[in-house]
Amino acid sequence: TGVAAALFYLENAAPFVGLLECFLSIVKALLAYSDAGASAAAQSILIANIAIALGASAVGCLVALIAHSLKAVLSHRMARA
């Protein structure tokens, strides 16, 4: 069904999307840090982008875990019916 296909996509794609966003955030942070030098503002930008990177990776894994759990519940309920 459409729901099962969407859950399959989320389960498999979400971690990779999270890792891609993590990589892009770290690259942006390093570029901003190198452009601004070692100032306090540059360090703040670096820390903020690294926090975004870690958050994106965690959210991607969490979405995949939720999709995996919902897929298992859905298949269990379909088997009982």
Gap between atom NE2 of H68 and atom CG of N12 - 0.5 Å precision: 10.5 Å

Please find the pair of heavy atoms, one from A53 and one from S25, that lie closest to each other, and give the distance. CB-CB, 3.7 Å

Can you tell me how far CG of L31 sits from CD1 of I26, rounded to the nearest 0.5 angstrom? 12.0 Å

For F16 and L20, what are the C-alpha separation, side-chain angles and deciding distance, and is it a side chain to side chain contact (heavy atoms under 4.5 Å, CB included)? CA-CA 6 Å; F16 296 112; L20 180 62; over 6 Å; no

Non-neighbouring partners of E21 that pass salt bridge (Lys or Arg N to Asp or Glu O under 4.0 Å), sequence neighbours left out: none

Does I52 belong to the same Ile/Leu/Val/Met/Phe/Trp/Tyr cluster as L54, with side-chain heavy atoms less than 4.5 Å apart forming each link? no

Heavy atoms of L7 and A67 approach each other most closely as O-CB, 3.6 Å

Answer yes if M78 and V3 sit in the same cluster of Ile, Leu, Val, Met, Phe, Trp and Tyr residues linked by side chain heavy atoms under 4.5 Å apart, and no otherwise. yes

